Amino acid sequence: MDESPGNGLVADLVSVSEAVGATSKRTEKVRLLAALLTRLAGDEIPIAVGALIGAARQGRIGVGWASLTNVRAGGDHAGGVATLVELDRVLTELSITTGSGSLGRRGSLLDDFAATLSTAELDFVRRLVIGEIRHGALAGVMTDAVAKAAGVPLPDVRRAAMLLGDLGVTAHIALHGGSAALSRIGLIVGRAIEPMLASSAPTVAEALVVTGRASVEWKLDGARIQVHRAGGDVRIFTRNLNEITTRLPRVVDAVSRFEASSFVLDGEAIGLADDGRPLAFQDTMRDFGADLQPAVELQAFFFDIIHLDGRDLLDAPLSERRRVLGDLVGGCVVPAVETDDPTEADRFAATSLATGHEGVVVKAIDSTYEAGRRGSSWVKVKPVHTLDLVVLAAEWGHGRRRGLLSNLHLGARDADDPTRFVMVGKTFKGLTDAVLAWQTARLQALAVRSDGYTVYVEPTMVVEIAIDGVQRSTRYPGGVALRFARVRGYRSDKSAADADTITHLQSLRPGN
DNA sequence: TCCTACAACTC
DNA sequence: TTCGCAT
DNA sequence: ATGCGAAGAGTTGTAGGA
């Protein structure tokens with residue numbers, strides 16, 4: 001691909017991105033990127049950071065299943081066709097090689113394009129150029145490089161980037177002001193920071209082993225929200241820092257009455273039925289996703305507070321944050337109990353489930369608010385259901401799963417007709433490389449027909465599938481679909497006649 | 001104008 | 001969102 | 001321990017073709 005002679009920045013970006021793409025060693029990437037950062041002028045730093053995050057991983061990226069799947073099956077994760085078209089333009093302006101051909105025709109050359117850069121990278125660069133960039137996915141290598149270039153501790157850079165929501169600006173500050181300048185950065189009410197995330201454990205007892213004494217809290221099955229109020233100005237953000245203030249009038253109204261002048265709250269938006277039980281997730285999302293008419297129904301329940309009246313609470317222990325939270329939000333608090341006793345915690349979790357909620361989150365009682373991180377301080381526990389289902393077909397994988405049959409079509413047995421199976425979902429999760437290789441051979445041997453990307457097989461293989469639950473579906477003929485299905489393992493000891501029935505799955509639907 | 005495919009978002 | 005793999 | 005890549009279910013909103 002030819003590169004037009006650009007200015008110094010572009011030339012640097014191109015050469016460094018090529019060098020970075022040529023090595024698979026993370027430390028070497030970091031060294032190269034840091035070296036570039038140290039020789040850039042001030043206002044070049046933010047743009048370079050974003051552009052390089054895209055380029056940094058060039059050459060070791062998958063093919064990008066998303067483009068294909070998006071076009072054919074209506075999936076997502078791709079960033080979309082329009083995004084790719086725009087990015088092609090952006091990258092051309094930056095004289096960064098983007099692979100072969102143009103992207104003028106929808107769906108035509110997406111695979112070639114994605115083979116060169118991942119869609120997530122492209123989206124990151126697009127957002128950089130149109131001014132939406134935030135610290136986010138794929139910033140790991142770059143964060144390391146910024147710390148190295150500035151000669152400051154990595155945690156300082158992470159913290160600042162998290163609070164500013166912008167790694168480019170953070171790099172600028174780090175390179176010019178060092179640790180001292182970074183440490184002066186605080187949370188700004190009105191600007192979203194990355195929410196703290198939770199790991200997961202199979203049981204409450206195991207979660208408690210990780211956390212020690214904990215606040216055990218109901219896990220509500222809604223949408224994560226971060227609510228800022230500065231004086232009378234309320235802003236609400238999603239988990240991915242999208243602003244959705246106007247969609248949640250009831251929440252705006254509620255927090256407007258809290259008696260404080262400024263605060264930042266972390267919580268969940270969810271709809272409740274008249275009897276107080278939570279709406280099905282998809283019904284909460286119907287309101288949450290609707291931009292045109294506001295979701296009057298959805299209300300907020302808060303489980304954390306990270307700022308109050310000029311004081312950042314990020315470094316305060318959870319025990320104190322919960323106290324402050326309770327005083328501020330009153331009844332809008334997520335039910336919680338503080339304990340280190342597995343039996344008591346289990347009882348509390350059972351209450352959550354009995355009320356219709358998802359489970360619990362077990363949070364170390366002394367932990368600070370580690371924004372943007374998925375540490376061990378928060379551990380979620382949800383019940384797992386297991387089913388035996390029949391493999392009806394498998395789709396060829398993309399990227400690192402190219403050449404392997406990956407995504408399984410799962411069917412439940414029709415109790416009345418042993419020759420019929422009702423598809424209830426797909427899964428690609430839980431498969432090790434060894435199982436992937438084995439099933440590729442096995443399923444091809446069982447193939448009855450193939451259309452180039454899906455291989456349909458004799459319905460004889462039984463897989464044990466773990467799910468979080470089932471939901472009503474209009475897509476699948478049985479009216480039921482699996483939620484978060486993953487493979488536990490093949491059950492070669494079982495035949496299709498032993499598989500769970502569609503009737504059984506239907507009985508699992510909420511409301512039955 | 002209706003309908004479908006796609007995009008962007010939640011989990 | 002879950003999970004497996006690489007670092 | 002952390003980040004990445006594989007790809008699932010649902011929802012609303014919109015561009016564009018019939």
Side-chain angles (χ1 to χ4, degrees), chain A residues 24-27 29-30 57 60-84 106-107 118-121 123 137-141 143-144 154 158 197-200 219-225 238-242 244 247 268-270 280-293 295 358 372-376 380 382 384 395 397-402 404 406-410 424-436 465-476 480-488:
Chain A
S24 63
K25 295 178 87 76
R26 181 188 171 99
T27 51
K29 290 178 194 293
V30 170
R57 293 164 54 254
R60 55 176 281 265
I61 306 304
V63 167
W65 68 272
S67 56
L68 236 186
T69 307
N70 226 18
V71 169
R72 287 195 184 135
D76 64 344
H77 308 279
V81 175
T83 302
L84 292 176
R106 286 169 82 86
S118 84
T119 49
E121 286 173 336
D123 189 51
L138 307 177
V141 168
T143 307
D144 283 4
L154 181 58
R158 277 208 186 115
L197 306 175
S199 57
S200 69
K219 186 177 192 308
L220 310 187
D221 194 9
R224 184 88 176 261
I225 53 171
T238 65
R239 182 207 144 118
N240 293 314
L241 313 190
N242 296 119
I244 44 139
R247 289 192 205 173
E268 196 84 4
I270 189 171
F281 176 73
Q282 56 201 141
D283 294 323
T284 283
M285 287 315 301
R286 179 153 54 205
D287 270 352
F288 191 79
D291 219 353
L292 298 184
Q293 71 244 42
E358 251 197 309
R373 318 214 55 198
R374 190 183 300 280
S376 53
K380 58 185 161 189
K382 299 188 281 188
V384 174
E395 296 171 14
H398 297 84
R400 72 184 302 281
R401 292 197 179 180
R402 166 159 285 173
L404 294 167
S406 172
N407 198 8
L408 302 176
H409 294 199
L410 304 170
V424 290
K426 307 180 192 177
T427 186
F428 57 92
K429 293 178 185 138
L431 301 161
T432 63
D433 288 355
V435 171
L436 233 22
I465 298 292
I467 57 170
D468 278 22
V470 301
Q471 56 195 333
R472 67 170 187 271
S473 172
T474 52
R475 165 180 320 201
Y476 290 110
V480 56
L482 308 176
R483 193 167 183 206
F484 308 141
R486 57 269 192 190
V487 174
R488 275 287 173 76

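Computed from a prediction, not measured in an experiment: that's the story for all the values here. Values below: all heavy atoms of this structure, side chains included; hydrogens, waters and symmetry mates excluded. Chain letters run A, B, ... following the sequence lines, proteins first, then strands; residues in each count from 1.
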Return the value, rounded to whole Å, for the distance between atom [atom1] of [X] and atom [atom2] of [N].
X	N	atom1	atom2	result
Phe281(A)	dG8(D)	CZ	C1'	13 Å
Leu404(A)	dC5(C)	CG	P	12 Å
Asp468(A)	dT2(C)	CG	C1'	8 Å
Asn407(A)	dA7(D)	CG	C1'	6 Å
Gln471(A)	dT10(B)	CD	C1'	12 Å
Lys380(A)	dC3(C)	NZ	C1'	12 Å
Asn242(A)	dC9(B)	CG	C1'	7 Å
Arg401(A)	dT2(C)	CZ	P	16 Å

Does a side-chain N or O from [X] land closer than 4.0 Å to OP1 or OP2 of [N], or not?
X	N	result
Lys382(A)	dT1(C)	no
Lys426(A)	dG8(D)	yes
Thr474(A)	dG10(D)	no

Walking DNA chain C from its 5' end, the first of Leu431(A) and Arg239(A) to be reached, judged by nearest nucleotide, is Arg239(A)
Quick one, which residues of residues 284-292 of chain A touch DNA chain B with a heavy atom under 4.0 Å?
-> Met285(A), Phe288(A)
Kindly indicate whether the side chain of [X], heavy atoms from C-beta on, has any atom under 4.5 Å from the side chain of [Y].
X	Y	result
Leu482(A)	Leu410(A)	yes
Thr238(A)	Ile225(A)	no
Arg239(A)	Leu197(A)	yes
Asp221(A)	Lys382(A)	no
Lys429(A)	Ile465(A)	no

Checking all strands, does [X] fall into the base, sugar-phosphate, or nothing category for heavy-atom contacts under 4.0 angstrom?
X	value
Ser406(A)	sugar-phosphate
Asp433(A)	sugar-phosphate
Thr427(A)	nothing
Ala485(A)	nothing
Ser200(A)	nothing

Considering only side-chain heavy atoms of Arg475(A), which listed nucleotide, dT2(D), dC5(C), dA9(D), is closest?
-> dA9(D)
So, does [X] use its side chain to make a donor-acceptor pair with the main chain of [Y] at under 3.5 Å?
X	Y	result
Thr427(A)	Ala485(A)	yes
Arg247(A)	Phe288(A)	yes
Arg401(A)	Phe428(A)	yes

